[in-house]
There are 2 protein chains.
Amino acid sequence: MTIFHRMPGHLIRRLNQIAVSIFQDRMQGLGLDLTPVQFAALDALSDNPGIDQATLAGMIAHDRVTIGGVVDRLQTKGLVTRSVNEKDRRSRRLVLTEAGEAMLARIVPVVSDLQDEILCGLSDDERAAFIALASKAAEAGNDRSRAPLKIRA
Amino acid sequence: MTIFHRMPGHLIRRLNQIAVSIFQDRMQGLGLDLTPVQFAALDALSDNPGIDQATLAGMIAHDRVTIGGVVDRLQTKGLVTRSVNEKDRRSRRLVLTEAGEAMLARIVPVVSDLQDEILCGLSDDERAAFIALASKAAEAGNDRSRAPLKIRA
DNA sequence: TCGTTAAAGGTAGTATGCTTACAATACGTG
DNA sequence: CACGTATTGTAAGCATACTACCTTTAACGA
């Protein structure tokens, strides 16, 4: 065990690797093919129907290019519709299909449930402490990210 | 702010995004083109010269395929040599070049220093608490990852 | 109205980080 | 020794997650 393994950068990467793997296992268990970003996009679109890709990107802290690809795949799967916004022909209006809403309703409880599994090594108190610290750090570092979270006013 | 933004999975992804961005900024500040994985590989190889790609992958918790590509790029940059291990012709002996050792020596203090910046929103006590909790969670979830950490005996 | 600026989405290119599959090589037991 | 098995590296393919750049379109000031 070198000091490398105690560095925040490494630990955070490891936790992310574990979280993504657990997410994938759960989806596979349901026979679904959905990634964490795709879930985030569906969730944000359900709460904010009709937004464009750049706004969506800001809501879930991704860059526009990545979200373009994610929306492509959600559209191919029939979960999202993408149409030119006639009020601003640069942007695309994104709306969940019925299948998209149904998919989201089905997986929301699963995704909520799996969150505890990511931190299964921690007690309830420790998990709460971790979430509080992680929230604080993520908020403080928001502007250091390439794709900051942009919460609408 | 939806509940989504308080989910460990999202927070961890955000922290990783922030950490990678800070790493990239620091490297760019030094005029270098080195990624976090590439640093991890150089660090592990400096301590364990002559290991093969699979062993390296286990030491830094990545899969073999990813490390194959990383080593490719380190070799192209002249930081690592890769040669067939005559004792086991399946594997490749990886050794840092002088340039690789020099590069590592140059960036180790920078990388160590930047760790605090990742968690700049936390006080010293909070940062220590975060690291302890993250270490515990990462260790507990190690086997859930697709590429678990394999510490040599 | 014209010209500058800015914003949205796209393409191309790079690097992670995986999956599956396969060739070459080593290793085990019968 | 032969055969089945395991391991190393790699190829092909997919999905993030970016950068840099370009086109289209909108907004705004003079």
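Please read all numbers here as calculations on a predicted model, not as lab measurements. Because only heavy atoms are used, hydrogens play no part in the values below, and waters and symmetry mates are left out as well, while side chains stay in.
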B:R90 or B:K77, whichever maps to the more 5' nucleotide of DNA chain C: B:K77

Along DNA chain C, first and last positions that approach a heavy atom of chain A under 4.0 Å: C:dA6 to C:dC18

Side-chain donor-acceptor contact under 3.5 Å, A:Q75 with A:R82: yes

Nearest-Å distance for atom pair CD/P, residues A:Q24 and D:dT16: 11 Å

Interatomic distance, A:D33 CG vs D:dA15 P [rounded to whole Å]: 7 Å

Sugar-phosphate, base or nothing in reach of A:D63, heavy atoms under 4.0 Å: base

Chi angles and distances behind the side chain to side chain donor-acceptor pair (under 3.5 Å) call for B:Q115, B:R127: CA-CA 10 Å; B:Q115 299 301 314; B:R127 194 156 50 238; over 6 Å; no

Sugar-phosphate only, base, or nothing, as touched by B:T35 at under 4.0 Å among non-hydrogen atoms: sugar-phosphate

Lys/Arg N to Asp/Glu carboxylate O, A:R144 vs B:E117, below 4.0 Å: yes

A:G69 or A:E86, whichever maps to the more 5' nucleotide of DNA chain D: A:G69

Contact under 4.0 Å: A:Q38 side-chain N or O vs D:dT16 OP1/OP2: yes

Between A:N142 and B:R14: side-chain donor-acceptor atoms closer than 3.5 Å: yes

Along DNA chain D (nearest heavy atom to each residue), the more 5'-positioned of B:R82 and A:K87: B:R82

Interatomic distance where CD1 belongs to B:I67 and C1' belongs to D:dT7 [whole Å]: 17 Å

side-chain N/O A:R64 vs D:dC18 OP1/OP2, d < 4.0 Å: no

salt_bridge(B:E139, B:K136) N-O dist < 4.0 Å: no

Salt-bridge contact A:R146-A:D63 (side-chain N to carboxylate O under 4.0 Å): no

Atom-pair distance (CG on B:D25; C1' on D:dC18), nearest Å: 13 Å

Touch class at under 4.0 angstrom, heavy-atom based, for A:V70 against every strand present: sugar-phosphate

Sugar-phosphate only, base, or nothing, as touched by B:V37 at under 4.0 Å among non-hydrogen atoms: sugar-phosphate

Euclidean distance, atom NE2 of residue A:H62 to atom C1' of D:dT19 [Å, nearest integer]: 17 Å

d(CD, A:Q28; P, D:dA15) in whole Å: 14 Å

Residue B:E98 excluded, over 12 heavy atoms near CD under 6.0 Å: no

Along DNA chain C (nearest heavy atom to each residue), the more 5'-positioned of B:S145 and A:R92: A:R92

Ion pair A:R93/A:D52, N-O distance below 4.0 Å: no

Touch class at under 4.0 angstrom, heavy-atom based, for B:S91 against every strand present: sugar-phosphate

Whole-Å distance separating the CG atom of A:D88 from the P atom of D:dA27: 6 Å

Between D:dG9 (P) and B:Q53 (CD): distance, integer Å: 5 Å

